[in-house]
S.K.: 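Below you will find the structure I want to go over with you.
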Amino acid sequence: MNGKAPQTILTDQNICLKEALSTEMPTTKHAFCIWMIVAKFPSWFNAVLGERYNEWKAEFYRLYNLESVEDFDLGWREMVCSFGLHSNRHMVNLYSSRSLWALPFLRSHFLAGMTSTGQSKSINAFIQRFLSAQTRLAHFVEQVAVAVDFKDQTGEQQTMQQNLQNVCLKTGAPMESHAATILTPFAFSKLQEQLVLAAHYASFPIEDGFLVRHHTKAEGGRKVYWAPQEGIISCSCHQFEFTGILCRHSLRVLSTGNCFQIPDGYLPIRWRRISMPSSKLLQSAPNDHAERVKLLQNMVSSLMTESAKSKERLDIATEHVSILLSRLREQPISLQGGRESQN
């Protein structure tokens with residue numbers, strides 16, 4: 001990672017991890033995985049609440065998904081009173097750590113949708129295929145890397161259609177066509193959902209931005225700030241900050257303002273296809289050795305993906321890589337680990 005800490009990190013409720021992360025990664029947002037918390041609910045609350053357990057859990061999820069911190073705190077107090085859980089130690093601990101798991105406190109931090117229980121279960125099931133008490137860390141990482149590469153290759157062969165004509169456009173909007181050429185199928189499907197919903201919203205100019213609300217509502221709504229000259233747009237719902245996908249409210253304002261392409265800054269690299277030609281990659285290659293190695297790794301990954309799409313491609317790639325390897329092995333190895341002397 002070249003000494004660069006992640007923006008966010010999800011863990012279980014481990015105090016030792018919490019203290020270590022605050023010391024070693026002070027700029028990283030630490031959050032608790034909600035799936036790991038919810039998995040403990042039956043043992044924590046089933047006997048205590050009895051027949052009201054499902055009713056309590058539904059209320060918990062409602063509070064968890066709120067957007068306002070004030071609404072969450074108020075709702076939590078009412079829930080504690082309603083279910084008689086004032087002295088329950090698990091409820092006390094959950095409330096004291098609410099900034100680490102409740103969505104009202106996390107929406108301004110990028111988590112790429114990883115807070116959903118369904119996503120967590122899927123990832124957990126995937127990792128359990130390679131993990132046991134006897135697994136060595138290095139072997140585990142290698143196993144996951146191989147599986148992910150294989151999944152990417154076969155997945156692209158079967159479902160990820162690269163040509164625009166194979167993408168199902170639902171709105172006909174220029175913004176949708178533009179996004180389809182840039183985003184991965186997963187990210188595009190998420191953005192497309194928001195584009196479809198945006199058509200049901202109305203936007204009203206206000207003093208310092210726009211008020212956007214569903215066409216059936218007479219009150220409420222989201223506040224959107226848009227500065228076209230600077231290419232900046234933000235919404236009070238914080239969906240872009242949280243997932244990296246623009247929300248329906250921002251998309252409505254862009255559409256109303258005759259914007260036909262999504263601003264480049266709102267198409268994160270994380271969600272983009274690898275589409276830059278290799279010639280451009282080489283022209284823009286950084287001088288730093290570690291960065292150049294990373295660039296080469298990305299190019300090799302693309303080579304694997306493209307080669308696996310047909311037998312003919314695989315044959316061509318194998319032939320040329322064999323020639324390239326032979327030429328590389330004839331080259332001397334410098335003492336600077338491959339770096340050329342700057343003198």
Side-chain angles (χ1 to χ4, degrees), residues 1-41 44 60-61 63-67 69 72 90 93-133 135-149 151-152 184 186-187 190 234 237-247 265-272 290-291 294 297-298 301:
M1 298 298 291
N2 295 323
K4 183 179 179 182
Q7 294 180 50
T8 50
I9 190 166
L10 283 163
T11 72
D12 63 0
Q13 293 169 282
N14 187 301
I15 299 302
C16 294
L17 270 177
K18 184 176 182 295
E19 293 174 353
L21 286 166
S22 64
T23 302
E24 299 298 325
M25 298 182 185
T27 61
T28 296
K29 172 60 181 176
H30 179 208
F32 289 155
C33 178
I34 189 63
W35 176 70
M36 293 181 176
I37 294 175
V38 171
K40 299 171 184 174
F41 280 179
W44 285 355
F60 174 89
Y61 277 124
L63 296 177
Y64 168 75
N65 284 293
L66 288 175
E67 294 180 357
V69 170
F72 176 88
H90 298 301
N93 289 337
L94 281 171
Y95 187 72
S96 66
S97 63
R98 63 194 183 282
S99 64
L100 298 175
W101 59 264
L103 289 188
F105 298 87
L106 298 177
R107 291 190 190 278
S108 59
H109 300 277
F110 180 69
L111 287 162
M114 294 293 292
T115 54
S116 70
T117 55
Q119 187 79 284
S120 298
K121 286 179 182 178
S122 174
I123 292 170
N124 188 62
F126 174 77
I127 288 178
Q128 289 300 324
R129 291 162 50 191
F130 315 102
L131 193 62
S132 71
T135 306
R136 292 176 181 270
L137 180 59
H139 181 64
F140 167 69
V141 173
E142 289 171 2
Q143 289 278 84
V144 171
V146 169
V148 169
D149 282 345
K151 185 177 180 182
D152 285 348
T184 64
F186 170 80
K190 295 299 180 184
S234 63
C237 77
H238 296 296
Q239 177 170 304
F240 179 77
E241 293 84 349
F242 188 60
T243 66
I245 302 293
L246 275 180
C247 64
Y266 297 92
L267 296 168
I269 293 175
R270 170 186 284 270
W271 295 139
R272 295 189 186 205
E291 287 296 316
K294 185 177 178 181
Q297 287 175 331
N298 290 336
S301 178

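None of the values given here were measured: they were computed from a predicted structure.
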S.K.: How far apart are the closest heavy atoms of Gln13 and Phe32, and which atoms are they?
M.R.: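 Looking at all heavy atoms of both residues, the shortest contact is CG-CD1, 3.7 Å.
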S.K.: Quick one: pull up CE in Met25 and OG1 in Thr23 and give me the separation to the nearest 0.5 Å.
M.R.: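 Result: 11.5 Å between the selected atoms.
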S.K.: Write down the atom of Thr27, the atom of Ala5, and the distance for their closest heavy-atom approach.
M.R.: OG1-CB, 4.5 Å
S.K.: Can you tell me if His30 and Ser22 form a side-chain donor-acceptor pair at under 3.5 Å?
M.R.: no
S.K.: Decide if the gap between the ring center of Phe110 and the ring center of Phe242 is smaller than 6.0 angstrom.
M.R.: no
S.K.: Please name the pair of heavy atoms, one in Leu66 and one in Arg107, separated by the smallest distance, quoted to 0.1 Å.
M.R.: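 The pair with the smallest heavy-atom distance is O-NH2, 3.3 Å.
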S.K.: Whether the side chain of Trp101 engages the backbone of Leu94 through a donor-acceptor N/O pair (distance < 3.5 Å, no angle test) should be reported.
M.R.: yes
S.K.: What's the separation between atom CD in Gln7 and atom NE2 in His109, rounded to the nearest 0.5 Å?
M.R.: 10.5 Å
S.K.: Checking the side chain of Thr28 only, and the main-chain atoms of Thr8 only, is there a donor and an acceptor separated by less than 3.5 Å?
M.R.: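 Here the side-chain-to-backbone pair does not exist.
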S.K.: To the nearest 0.5 Å, how far apart are CG in Leu10 and CD1 in Ile34?
M.R.: 10.5 Å
S.K.: Hey, what do you get for SG (Cys247) to CD (Glu241), rounding to the nearest 0.5 Å?
M.R.: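 Answer for the SG-CD pair, Cys247 versus Glu241, is 8.5 Å.
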S.K.: Quick one: does any side-chain atom of Ser97 pair with a main-chain N or O of Leu100 as donor and acceptor, under 3.5 Å?
M.R.: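 Checking the backbone N and O of Leu100 against the side chain of Ser97, no donor-acceptor pair under 3.5 Å is found.
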S.K.: Tell me whether Ser96 contacts the main-chain N or O of Asn93 through its side chain, where contact means a donor paired with an acceptor under 3.5 Å.
M.R.: yes
S.K.: The test is side-chain contact (heavy atoms from CB on, under 4.5 Å); show your working for Leu21 and Thr11 and say whether it passes.
M.R.: CA-CA 10 Å; Leu21 286 166; Thr11 72; 4.0 Å; yes
S.K.: Arg270 side chain to Gly244 main-chain N or O, any donor-acceptor pair under 3.5 Å?
M.R.: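 Checking the backbone N and O of Gly244 against the side chain of Arg270, no donor-acceptor pair under 3.5 Å is found.
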S.K.: Whether the side chain of Arg272 engages the backbone of Thr184 through a donor-acceptor N/O pair (distance < 3.5 Å, no angle test) should be reported.
M.R.: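 Pair absent, no side-chain N/O of Arg272 close to backbone of Thr184.
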S.K.: Taking only residues two or more places apart in sequence, or in another chain, which ones meet Phe41 in a ring pair (Phe, Tyr, Trp, His ring centres under 6.0 Å)?
M.R.: Phe45, Trp56, Phe60
S.K.: Side-chain contact, heavy-atom cut-off 4.5 Å: Phe240 with Ile245?
M.R.: no
S.K.: Could you please spell out the steps behind the side-chain contact (heavy atoms from CB on, under 4.5 Å) verdict for Asp12 and Ile37?
M.R.: CA-CA 8 Å; Asp12 63 0; Ile37 294 175; over 6 Å; no
S.K.: If I take atom CG from residue Leu111 and atom SG from residue Cys33, how far apart are they, to the nearest 0.5 angstrom?
M.R.: 10.5 Å
S.K.: How close do Ala112 and Trp271 get, heavy atom to heavy atom, and via which atoms?
M.R.: CB-CZ2, 4.0 Å
S.K.: Under the side-chain contact (heavy atoms from CB on, under 4.5 Å) criterion, do Leu103 and Glu67 qualify, and how do the steps go?
M.R.: CA-CA 7 Å; Leu103 289 188; Glu67 294 180 357; over 6 Å; no
S.K.: Nearest 0.5 Å, what's the CZ-OH distance between Phe72 and Tyr64?
M.R.: 10.5 Å
